[in-house]
Each structure stands twice: as C-alpha cells, then as structure tokens.
Amino acid sequence: MSQEPHDPSNVTNPEHADHHILGPLAYTAVFGTLLLFTGITVGVAYIDLGIFNPIVALGIACFKATIVILFFMHVYYSSRLVKMTVAAGFLTFLVLVTMTLTDYMSRAWGLW
Amino acid sequence: MDSQTIALQPTGRAIATDQMAEEHHARPELRHHFETEEQQREAGSFGMWLFLLTEIMFFGGLFMAYLLYRNWYYDAFVAASNQMSIPLGTANTAVLISSGFMMALGVWAAETRRKGLLVLFLILTTLLGVVFLGVKYDEYHEKWEKHHVPGAVFNYNYSEFVNPLPGDRDQTHLPIDMAQKTQVFFFLYFVMTGMHALHMIIGIGVLIWLILRARRGDFTNGYVAPIENFALYWHFVDIVWLFLFPLLYLINIHPGR
C-alpha cells in the first residue's frame, strides 16, 4: 500500500499551478510589443545586413513567438507538465531539422 | 436503512462523495472521471498541447522543406520571394496579431464571467480572421493573374525571371534552369500559406460555434476550458504566421549575393 495521502486537489503537491487570470492591461502590453516588433522586422529587412538579414528576422520571429506562448497562451503561469510538453514539441522540431540537414549535408560534402 | 450507507458514513468520505455527485448533476460539464475541477482543467490543456505538438511537427516538415530548397535553389527563391507584396504581408501580420489579441481578451472575459464582452471579443476575433483571409485571397488572385501558380501555365517560359521587368525589386538575370526553380518557391508558398489558411478556416468554423454557445452563457459560469483551449489553437496558428511572414516576404530583399 502507498503511504501517500489521498490528495485529489494537489494541496501537498508543489507542482500545483493556480488558475492564473491575466488582465487586459497585460494583454495590451503583449499586443503592443508584438506590433512594435512587426514594425522593426519590416524596417530591418530593408537594411542590407548581408547574411544577418535572415538571422535577425528569425530572431525577432522567435522573440514574438516566445511572448505569445508565455503570455497569450499562459505557459508562463502553467504547470511544469505543460511547460515540459511545450519544450518537448520545439525540441522535437529541432531534432527533425538537425538530423535532416546532417543527412543532406553529409551526402553533398563540401558543396554546402 | 441501507447497510452500505451506515458502513460508509463514519469515515466522512461518503458524505463528500454525495456532495460531489450532486455537483456533477448540477454542472454536467464536470466529468465523473476527474476528482477535481482543477484536475479536469489541467488534463484538458495538457491534451490540447499534445495536439499542438503534432501541429508543430506538421508545419515543421514544411519549414524543413523550405529551409532545404532555399539552400539548394537560393537564387530562384530570392527572385520569387521578391514578387511578394510587403505592404500586404505587413498589414496581414498586424490583422492576425489583433485577432489573437481579441482572442486573449475573450479568454479574460470568460474567466471573469463577462458574457457580453466574451461574445463581442469572439465576434471581433472572427471578423479579423475573415479580414486576414480576404487579404490572402487578394494576394492569391494576384499570383494567379501573374501566372505564378505552379503548374503547366506557370509564367509561360520563365521569361520574367530570366529577364526581370523594369519595376521588379530584384533585377538579377537567372539562367533558365534556375529560373524554373522559382516554381518550387511558389509551390511551398501556396502549400504553407494554404495550410495556414485552412487552419484559420477551421478555426473560424469553431469560433462561430463558440459564439453561439457563449451567447447561451455556457462559458461564463466558471467553465472556461473550451474558450481557453480554442485560444491555444488560435494563438498557435498566429505563431505559424509569425514565422511564415519573414521567411516568405522579408529575408530576401537583400540576398547578400
């Protein structure tokens, strides 16, 4: 028999996440940031940065996606289970890219 | 008196269970197989995120294809990408971000039990989604008229990319074999934005159903899971566009040749 007390409400569980409610002010701040960085990414695209154009564009896109995930999607206030699930999704995508590119690059060695 | 009831009552558990059973009948959205409301909510959002994981891999495959073909046919991708309208793409990004903002406010309205505001925000989310699809239709129509839809009638003999028109942003003359590969860019453009648009059409369908239920007051009595989980889907579709926009429209203005 388990010695754990029956605890359906997760009172003793430190992983327990409250149902956090974000207000309109916080959402407006996120919305303003997203619009601002959309303007920045379009403006930067017209400046010739050589190979850094795509890097800056994707960096800004990653930043925007991160604040959408953390605040619009409430992941910042979610349980560790949900946080780990989200991280697992993007890690798996990175595995997809890394292994596919490794294969293609090693088949055309020196041409990339 | 029933002997089972007598046996259970001294523990106190039976009474609590009866109360919970009463609650179940009063609020049919709370399912019997969950012990608490909190557990049901957590299980629901976990399940929604597992679905979104499969969506990450679905769009991930398309992004991977884009990455690879952009490396292989770089000059063709640059030339084709410079046919995109940056003002329309920027406007559409702003429209989609606004739609996501309205959805986020809708979640707040449901959580704080404001029925009128919830319905209003859901309608605004839907309308902005429709505006996005309208602008997308306009862009597709332009591609159709310029023969940029991949297939038999694609730009006749690629002359436009071999000898760019005077007004084109990119004035590079491509060799004919590279010019043919502009079709690969347009193919990926239509598949990626088309799949994104299909997700939005499905989302708008779900939104209409949510608006009808929200008007009935289904989500302003403390039960907000459908609104919260749909918001996760809607924001995910936004995020896909946040990456499509720079990749398809922006990063090839200065190709660094």
Side-chain angles (χ1 to χ4, degrees), chain A residues 6 8-10 16-19 21-24 26-28 30-31 34-35 38-39 41-42 44-58 60-62 64-65 68-69 71-75 78-79 81-82 85-86 88-90 92-94 96-97 100-101 104-105 108 112, chain B residues 13 34-39 41-42 45-46 49-50 52-57 59-61 63-64 67-68 70-72 86 89-90 93-94 97-98 100-101 103-105 107-109 111-112 224 228 231-232 234-236 238-240 242-247 249-256:
Chain A
H6 185 68
S9 302
N10 288 335
H16 172 69
D18 283 323
H19 190 180
I21 295 176
L22 272 178
Y27 287 137
T28 308
V30 174
F31 175 60
L34 288 174
L35 283 185
T38 302
T41 194
V42 173
V44 168
Y46 284 99
I47 304 167
D48 192 352
L49 300 174
I51 61 160
F52 287 102
N53 274 116
I55 295 171
V56 170
L58 284 177
I60 291 174
C62 287
K64 284 159 74 184
V68 169
I69 290 169
F71 301 107
F72 276 2
M73 299 170 96
H74 302 143
V75 168
S78 296
S79 65
L81 173 69
V82 168
T85 310
V86 179
F90 289 99
T92 316
F93 172 64
L94 287 181
L96 168 81
V97 172
T100 313
L101 280 185
Y104 276 109
M105 290 169 85
W112 282 57
Chain B
R13 180 77 67 76
F34 295 109
E35 296 205 54
T36 62
E37 205 174 331
E38 174 63 29
Q39 190 189 49
R41 204 181 68 84
E42 175 79 8
S45 66
F46 176 55
W49 271 107
L50 287 184
L52 293 183
L53 250 62
T54 69
E55 291 276 64
I56 291 173
M57 294 314 282
F59 281 102
F63 280 111
M64 179 61 233
L67 178 62
L68 185 71
R70 186 174 185 268
N71 272 287
W72 278 2
I86 291 177
T90 309
T93 306
I97 290 172
S98 307
F101 178 47
M103 190 67 231
L105 290 177
V107 170
W108 165 77
E111 285 168 341
T112 53
V224 295
E228 286 184 335
L232 291 181
W234 197 250
H235 292 311
F236 173 80
D238 276 10
I239 290 172
V240 171
L242 290 183
F243 284 98
L244 287 179
F245 174 56
L247 289 178
Y249 290 74
L250 293 180
I251 59 175
N252 297 306
I253 300 175
H254 293 289

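Values below: all heavy atoms of this structure, side chains included; hydrogens, waters and symmetry mates excluded. A, B, ... follow the sequence lines: proteins, then strands. Residue 1 opens every chain.
Heavy atoms of B:I239 lying under 4.5 Å from chain A belong exclusively to its side chain. Both the backbone and the side chain of B:I97 have a heavy atom closer than 4.5 Å to some heavy atom of chain A. In this structure, the portions of B:S98 lying under 4.5 Å from any heavy atom of chain A include both its backbone and its side chain. At a 4.5 Å heavy-atom cutoff, A:F52 makes no contact with chain B through either its backbone or its side chain. Contacts between B:A94 and chain A at a heavy-atom distance below 4.5 Å involve backbone atoms as well as side-chain atoms. In this structure, the portion of A:V75 lying under 4.5 Å from any heavy atom of chain B is its side chain and not its backbone. Both the backbone and the side chain of A:T41 come within contact range of chain B, each with at least one heavy atom under 4.5 Å from a heavy atom of that chain. For a residue to count as touching a neighbouring chain, one of its non-hydrogen atoms must lie under 4.5 Å from one of that chain's; by this rule A:I47 touches chain B with the backbone only. Proximity to chain A is limited to the side chain of B:F245, based on heavy atoms less than 4.5 angstrom apart. Of the two parts of A:L34, the backbone and the side chain both hold a non-hydrogen atom closer than 4.5 Å to a non-hydrogen atom of chain B. If you measure heavy-atom distances from B:E228 to chain A, the contacts under 4.5 Å come from the side chain alone.
In this structure, A:L101 and B:L68 approach most closely via the heavy-atom pair CD2-CD1, 4.2 Å. The shortest heavy-atom contact between A:P54 and B:I251 is CA-CG2, 3.6 Å. Contact between B:W108 and A:G23 at its shortest, heavy atoms only, is CD1-CA, 3.8 Å. Nearest heavy atoms, A:V82 versus B:S45: CG2-OG, 4.1 Å. In this structure, A:M73 and B:L232 approach most closely via the heavy-atom pair CE-O, 3.2 Å. Across B:A104 and A:Y27, no two heavy atoms sit closer than the pair O-CE1, 3.3 Å.
Using a 4.5 Å cut-off on side-chain heavy atoms (C-beta onward), B:L53 and A:T85 make contact. Residues A:Y104 and B:N71 are not in side-chain contact: their nearest non-hydrogen atoms beyond the backbone lie 4.5 Å or more apart.
In this structure, the separation between CG on B:L67 and CG on A:L96 is 10.0 Å, given to the nearest 0.5 Å.
Your options are B:I86, B:L250, B:N252, B:V107, and the one with the most heavy-atom pairs under 4.5 Å with chain A is B:L250. When each of A:A88, A:G39, A:A45 is scored by its heavy-atom pairs under 4.5 Å with chain B, the top score falls to A:A45. The candidate with the highest count of non-hydrogen atom pairs below 4.5 Å against chain B, out of A:N53, A:V86, A:L58, is A:V86.
B:F63 and A:F93 have perpendicular rings, their planes meeting at more than 60° on a 0 to 90° scale where under 30° would count as parallel. The aromatic rings of A:F72 and B:F101 sit parallel to each other, their planes meeting at less than 30°, with 60° as the upper class boundary.
Side chain of B:H254 to main chain of A:G50: no donor-acceptor pair is present (N/O by atom type, distance under 3.5 Å, no hydrogens or angles).
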